[in-house]
Peer 1: 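Provided herewith is a single structure, encoded as structure tokens, for subsequent inquiry.
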Amino acid sequence: MTAESTREPIVLTGSRVVLSVPGAADIDRVTELCAEPAIARWTTVPSPYVRENAETFVLDIVPAAWTSGASRTWAIRESEDGELIGMIGLDGIRDGEAEIGFWLAPEARGRGLMTAAVALAIDHAFAPEPSGLGLERLVWRAFVGNAASASVARRAGFRFEGTRRAGGVQRGVRLDDWQAALLPSDPREQADDWPDATYVQADA
């Protein structure tokens, strides 16, 4: 397998979720979900979010990033032909590192589906090439206060590295953010070094 072929979109299948590249049939669903207040609050998607934003994301940004190798983005589904219930990606792939990001539809939260999706993405990130990316470090970041995202990262084994003052940018405004990281050698179990204020107990 050549380096170029490893950049072709792939499907990751687990016991609870399937990660597949979003397509044109998902545009309306992406438009609907990215207009949801919590997703707008905690992510960097445009707000207000309109169908044109989803078209650009699904038809241009996602495939171009797969081709260039800059990032890998998947739709989260409960079955191969199921409805899109969320999104997860490995972004800024460079020098053995990437950043994981994700969001989930309101009706899918609290069922452990994002935890399952994150586990699949981590497996792919650390698996050796050509089946995976062979990364040496995976980073998670979230704006301060996004306890639900922090809870998922903590359960996945990410180690908390601190709060970055004005470390993130959301629609032109700098905000404090949290950062954690996972190495291939780290245990894939809940990390206990997180400040209590960063996470919630409910499954996500």
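Note: hydrogens, waters and symmetry copies are ignored here, and every other heavy atom, side chains too, is used.
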Peer 1: Which heavy atom in A150 sits nearest to a heavy atom in T198, and how many Å separate them?
Peer 2: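 Looking at all heavy atoms of both residues, the closest pair is CB-O, 2.6 Å.
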Peer 1: So, the side chain of Q170 versus the backbone of R41: is there a donor-acceptor pair under 3.5 Å, distance only?
Peer 2: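 Judged by distance alone, yes, a pair lies under 3.5 Å.
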Peer 1: Could you see if L12 belongs to whatever hydrophobic cluster contains V17? Use Ile, Leu, Val, Met, Phe, Trp, Tyr and a side-chain cutoff under 4.5 Å.
Peer 2: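 Yes, one cluster joins them.
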Peer 1: Check V21 against P9 and note the closest heavy-atom contact, atom names and distance.
Peer 2: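 The pair with the smallest heavy-atom distance is CG2-CB, 3.3 Å.
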Peer 1: Give, for atom CD of Q190 and atom CZ of R154, the distance between the pair rounded to the nearest 0.5 Å.
Peer 2: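 Between Q190 CD and R154 CZ, I get 3.5 Å after rounding to 0.5 Å.
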Peer 1: Spell out, yes or no, whether V152 and L113 are grouped together once hydrophobic residues are joined by side-chain heavy atoms under 4.5 Å, including indirect joins.
Peer 2: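 Result: yes, single cluster for both.
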Peer 1: Output every pair passing ring-ring contact (aromatic ring centres under 6.0 Å, His included) with a member in residues 105-134, not counting sequence neighbours, ordered by first then second residue.
Peer 2: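 ring-ring contact (aromatic ring centres under 6.0 Å, His included) check on residues 105-134 returns W74-H124.
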Peer 1: Looking at A181, is its backbone amide N or carbonyl O close enough to the side chain of R159 to form a donor-acceptor pair, meaning the two atoms are under 3.5 Å apart?
Peer 2: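 Such a contact is absent between R159 side chain and A181 backbone.
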Peer 1: Mind checking the CD-CG spacing from E78 to L84? Nearest 0.5 Å is all I need.
Peer 2: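 Here the interatomic distance stands at 11.5 Å.
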Peer 1: Where do A125 and L90 come nearest, in terms of heavy atoms and distance?
Peer 2: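 Shortest heavy-atom contact: CB-CD1, 4.0 Å.
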Peer 1: State yes or no: do V11 and V58 share one hydrophobic cluster built from I, L, V, M, F, W and Y residues joined by side-chain heavy-atom distances below 4.5 Å, directly or via other members?
Peer 2: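 As far as the 4.5 Å side-chain criterion goes, V58 and V11 are not connected within one cluster.
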Peer 1: So, taking the atom named CD in E83 and the one named CG in D26, what distance separates them when rounded to the nearest 0.5 Å?
Peer 2: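 It is 9.0 Å, given to the nearest 0.5 Å.
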Peer 1: Measuring from L33:CG to E107:CD, what's the distance to the nearest 0.5 Å?
Peer 2: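 Taking CG in L33 and CD in E107, the distance rounds to 6.5 Å.
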Peer 1: Sequence neighbours left out, what pairs pass ring-ring contact (aromatic ring centres under 6.0 Å, His included) with at least one residue falling in residues 12-54?
Peer 2: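 Matches after skipping sequence neighbours: none remain.
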Peer 1: What residues, two or more places apart in sequence or in another chain, satisfy salt bridge (charged side-chain N to carboxylate O under 4.0 Å, His left out) together with E52?
Peer 2: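 Scan of E52 (salt bridge (charged side-chain N to carboxylate O under 4.0 Å, His left out), adjacent residues dropped) gives none.
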Peer 1: Looking at residues at least two apart in the chain, or sitting in another chain, which of them share a ring-ring contact (aromatic ring centres under 6.0 Å, His included) with W103?
Peer 2: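 ring-ring contact (aromatic ring centres under 6.0 Å, His included) list for W103, sorted by chain: empty.
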Peer 1: Regarding D123 and R188, does a basic nitrogen lie under 4.0 Å from an acidic carboxylate oxygen?
Peer 2: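 Answer for the salt bridge query: yes.
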Peer 1: Between CE of M114 and CD1 of I88, what distance do you get to the nearest 0.5 Å?
Peer 2: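 Rounded to the nearest 0.5 Å, the CE-CD1 separation comes out at 6.0 Å.
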Peer 1: Is the side chain of T31 donor-acceptor paired with the backbone N or O of I27 at a distance under 3.5 Å, no angle test?
Peer 2: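 Checked: pair present.
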Peer 1: Using side-chain hydrogen bond (donor to acceptor under 3.5 Å, both in side chains), reason through S149 and W140 one step at a time and then give a plain yes or no.
Peer 2: CA-CA 9 Å; S149 181; W140 165 90; 2.9 Å; yes
Peer 1: Let me check something: do L138 and L183 share a hydrophobic cluster, defined by ILVMFWY side-chain heavy atoms less than 4.5 Å apart, either directly or through other members?
Peer 2: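 Looking at the clustering, L183 is in a separate group from L138.
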Peer 1: N146 side chain to F143 main-chain N or O, any donor-acceptor pair under 3.5 Å?
Peer 2: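 No, because the side chain of N146 does not come within donor-acceptor range (under 3.5 Å) of the backbone of F143.
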Peer 1: Can you find a heavy atom in the side chain of F158 that is under 4.5 Å from one in the side chain of D186?
Peer 2: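 F158 does not reach D186 side chain to side chain.
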Peer 1: Give the cluster check for V45 versus V50: same hydrophobic cluster or not, with ILVMFWY residues linked at side-chain heavy-atom distances below 4.5 Å.
Peer 2: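 V45 and V50: separate clusters.
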Peer 1: Restricting to side chain to side chain donor-acceptor pair (under 3.5 Å), what partner residues turn up for D28, sequence neighbours left out?
Peer 2: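 Applying side chain to side chain donor-acceptor pair (under 3.5 Å) to D28 gives R51.
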Peer 1: Taking all non-hydrogen atoms of both residues into account, name the closest pair between G168 and R164 and its distance.
Peer 2: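 Scanning both residues completely, I find the closest heavy atoms to be N-NH2, 4.3 Å.
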Peer 1: Could you pull out all residues at least two apart from D176 that satisfy salt bridge (charged side-chain N to carboxylate O under 4.0 Å, His left out)?
Peer 2: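 So D176 forms no salt bridge (charged side-chain N to carboxylate O under 4.0 Å, His left out) with any residue.
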Peer 1: For the side chain to side chain contact (heavy atoms under 4.5 Å, CB included) test, which of L19, V30, I76 pairs with M87?
Peer 2: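 Exactly one option meets the side chain to side chain contact (heavy atoms under 4.5 Å, CB included) with M87, and it is V30.
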Peer 1: Indicate the ring-plane relationship of F160 and W194, choosing parallel, tilted or perpendicular according to the 30° and 60° boundaries.
Peer 2: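 Rings of F160 and W194: tilted, 30 to 60°.
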Peer 1: Would you name the heavy atoms of I93 and L133 that are closest together and state the gap between them?
Peer 2: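 Where I93 meets L133 most closely, the heavy atoms are CD1-CD1, 3.9 Å.
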Peer 1: First locate atom CZ of R72, then atom CG of D91, and finally report the distance between them rounded to the nearest 0.5 Å.
Peer 2: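 The distance works out to 12.0 Å.
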Peer 1: On a heavy-atom basis, which atom in R171 and which in T44 lie closest, and how many Å separate them?
Peer 2: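 Closest approach of R171 to T44: NH1-C, 4.0 Å.
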